[in-house]
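Worksheet for the structure shown next.
Just so you know, ligand 1 is whichever comes first in the structure, and atom 1 is the first atom listed for that ligand. For this chain, numbers begin at 1 and follow the sequence in order. All values below come from the heavy atoms of this structure, side chains included, with hydrogens, waters and symmetry mates left out.
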Amino acid sequence: MKDIIEELERRREIARLGGGQARIEAQHKRGKLTARERVDLLLDEGSFEEFDMYVEHRSTDFGMEKTKIPGDGVVTGWGTINGRVVYLFAKDFTVFGGSLSETHAKKIMKVQDMALQNRAPIIGLFDAGGARIQEGVAALGGYGEVFLRNVLASGVIPQISVIMGPCAGGDVYSPAMTDFIFMVRDTSYMFVTGPDVVKTVTNETVTAEQLGGASIHTTKSSIADRGYDNDVEALLQMRRLMDFLPANNTSGVPVLPTQDSFDRPEPSLDTLIPDNPNKPYDIKELIHKVVDEADFFEIQEAYAKNIVVGFARMEGRTVGIVANQPMVLAGVLDSDASRKAARFVRFCDCFEIPIITFVDVPGFLPGTAQEYGGLIKHGAKLLFAYSEATVPKITLITRKAYGGAYDVMSSKHIRGDLNYAWPSAEIAVMGAKGAAEILYRAELGDPEKIKARIDEYQKRFANPFVAAERGYIDEVILPRNTRRRICRGLQMLRNKKAENPWKKHDNIPL
Ligand code: HXC
């Protein structure tokens, strides 16, 4: 028996070494951790249970039968993050560049199937060179089956991708179908075809970073939800994120202990809105002052900054926050902001996370660039997402709620459960100046007359009471009491049951 146990230990040692010491050192020299080091950092200490450590590829082409490395380029298994079960796979770049073979794909599928069957989140750590070139269609088939599982699990369990090295070819589409993608700055990049192919096909000269680094995907393409400075920071932030996420679509949100009392008043909010209605203020100040312990996990913070989305907690329970940001483009809704928020609202709705919406929006952004870019369809995505959402929805209008954007931002008309306004709210078809100039065009030559018209419109609509008189606003609340109002609202809505008519699936304007 002793010999058998020694043999087991020997085989484990070999597997743990992946592609060997030299390749591990090369990985470290590039500022990257190995797959196993990453897994250790991500999971609770000692909680990792590995599967399929001895799996080897079966390829015999191109002399592959002579090079077999146990594990075949991906470390898979399960463990816990702050005590809660997660499944994971981590590409091992030291083994055939982490490339995907038929057996490598089967290892990933096994954890995907287990995660779905056992209704727990799955996290993929990517650092790989795409399809195993020596395997041809066997690798392509493997990818296809991984993709299918991504789709079947979508909306049932959270799926998270962290890009920690190269991620090209077939490797990009699995992350693209997960809920969130995070990247490590300077050491990771994602693209369908790399710089060499780009040069051949389009004659553009770009570096990997310029084509698909974190700096591009977090700001321009919006493929990635956040970038982090190094592997350690990325993995620790994933632990923080997982604390916000439900295990699955029926588990309900996690509940964490909090020292923050539900009725904490915040008198400084009474002066958050500047006297001048055209002066900006930072909506993140409101978010930080309202949520538990100012703890806010922002998603896509570097993209479409005119809208802010992310996770926070109220009374220890996860909520999704969506907020117009008056500091950027006056908080206007454009195509990018609409898509960003729509995707976030849909994630929250899939996973029964209540949505809190802070509104200060002057409308949709006018212009040919927006119209040619499909603003109608992109704006409709957000309208669609809010309208179909059946989770508790609490809306607070802090200042402007103009035009179509008023309807879109979780208004009463699209099933907002609780719609509050601060006394500073202005709810109208448009700003007073624009309105007066259209209604009284004939008087435009007379500055005094037109000013009187503007004042008249301002007086009539620059308040929350016209909407409150119709019941579109449930109550006009004191800014200092915002946290208490929202917490109590969430308590009242905790057993909310709302269902949409049966359908195979909807047809959101893509
Ligand atoms: C087999 C691969 C590999 C691959 C890398 N390696 N990619 N082996 N299949 N796809 C191996 C290398 O041979 C090398 O082995 C080791 O991994 C490290 O690779 P290097 O090139 O030395 O590393 P580096 O210079 O850092 O470059 C990394 C890289 C580059 C940018 C990822 O290796 C690369 O361009 N690889 C090919 C990428 C690619 O075109 N993949 C196919 C995409 S098509 P040794 O033994 O020397 O350590 C695809 C189609 C699927 O994925 C579509 C499905 C929808």
Within-cutoff protein neighbour (heavy atom, under 4.0 Å) for [atom]:
atom: atom 47 (O) of ligand 1; answer: no
atom: atom 27 (O) of ligand 1; answer: no
atom: atom 34 (C) of ligand 1; answer: no
atom: atom 14 (C) of ligand 1; answer: no
atom: atom 20 (P) of ligand 1; answer: no
atom: atom 1 (C) of ligand 1; answer: yes

Protein contact of [atom] - nearest heavy atom, named by residue and atom, plus distance:
atom: atom 31 (C) of ligand 1; answer: Y189 OH, 3.6 Å
atom: atom 52 (O) of ligand 1; answer: G170 N, 2.7 Å
atom: atom 23 (O) of ligand 1; answer: F93 CZ, 3.7 Å
atom: atom 8 (N) of ligand 1; answer: F96 O, 3.6 Å
atom: atom 9 (N) of ligand 1; answer: I133 N, 3.1 Å
atom: atom 45 (P) of ligand 1; answer: R23 NH2, 3.6 Å
atom: atom 25 (O) of ligand 1; answer: R30 NH2, 3.7 Å

Report yes or no: is the cationic atom of R313 (NZ for Lys, CZ for Arg) under 6.0 Å from the centre of the six-membered ring of F244, at an angle within 45° of the ring normal?
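Verdict for F244: a cation-pi partner in R313.
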
Cationic tip of R339 within the cone over Y303's six-membered ring, i.e. under 6.0 Å and within 45° of the normal?
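Checked: cation-pi criterion not met.
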
Whether Y173 lies under 4.0 Å from ligand 1, heavy atom
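No, Y173 has no heavy atoms under 4.0 Å from ligand 1.
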
Close approach of F62 to ligand 1, heavy atoms, under 4.0 angstrom
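Judged by the 4.0 Å heavy-atom criterion, F62 does not count as contacting ligand 1.
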
Sub-3.5 Å donor-acceptor pair from the side chain of R119 to the main-chain atoms of N249, do we have one?
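Answer holds: no.
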
Donor-acceptor pair, E293 side chain versus D295 backbone, under 3.5 Å?
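Checking the backbone N and O of D295 against the side chain of E293, no donor-acceptor pair under 3.5 Å is found.
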
Using heavy-atom distances, let me know which of A128, G97, G169, A26 sits nearest atom 16 (C) of ligand 1.
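Result: the heavy atom closest to atom 16 (C) of ligand 1 is in G97.
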
Out of G129, G194, A139, who is nearest to atom 7 (N) of ligand 1 when you count heavy atoms only?
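Closest candidate by heavy-atom distance is G129.
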
What are the atoms of ligand 1, with element, lying closer than 4.0 Å to any heavy atom of [X]?
X: L140; value: 50 (C), 51 (C), 53 (C)
X: Q134; value: 1 (C), 9 (N)
X: R132; value: 1 (C), 9 (N)
X: G130; value: 52 (O)
X: F147; value: 55 (C)

So which of V309, V308, D179 actually passes side chain to side chain contact (heavy atoms under 4.5 Å, CB included) with I299?
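It is V309, the one option of V309, V308, D179 that forms the side chain to side chain contact (heavy atoms under 4.5 Å, CB included) with I299.
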
For the pair H413 and Y406, name the ring-plane relationship: parallel under 30°, tilted 30 to 60°, perpendicular over 60°.
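Perpendicular, since the angle between the ring planes exceeds 60°.
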
Mind checking whether F347 and F351 have parallel, tilted or perpendicular rings, split at 30° and 60°?
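The rings of F347 and F351 sit tilted, inter-plane angle from 30° to 60°.
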
Is ligand 1 under 4.0 Å from a heavy atom in the side chain of A131, in the backbone, in both, or in neither?
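Both of them.
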
Heavy-atom distances under 4.0 Å decide this one: backbone, side chain, both or neither, for L100 against ligand 1?
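The answer is neither; L100 stays 4.0 Å or more away.
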
How far apart are the closest heavy atoms of F364 and G379, and which atoms are they?
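Where F364 meets G379 most closely, the heavy atoms are CE2-CA, 3.9 Å.
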
Give the minimum heavy-atom separation between M53 and R12, together with the two atoms involved.
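Reported closest heavy-atom pair: SD-CG, 3.9 Å.
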
Does D231 form a salt bridge (Lys or Arg N to Asp or Glu O under 4.0 Å) with K32? I'd like the steps, not just the answer.
CA-CA 7 Å; D231 284 16; K32 299 195 291 181; over 6 Å; no

Under a plain distance cut-off of 3.5 Å, with no hydrogens placed, do Q325 and D282 share a side-chain donor-acceptor pair?
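There is such a pair between these side chains.
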
Less than 6.0 Å separating the ring centroids of F180 and F344?
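No: the rings miss the under 6.0 Å criterion.
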
So, do I160 and P121 sit near enough that their side-chain heavy atoms are less than 4.5 Å apart?
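Contact flag for I160/P121 side chains = no.
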
I'd like to know if D506 and R346 make a salt bridge, using a cut-off of under 4.0 Å between side-chain N and carboxylate O.
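R346 and D506: salt-bridged.
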
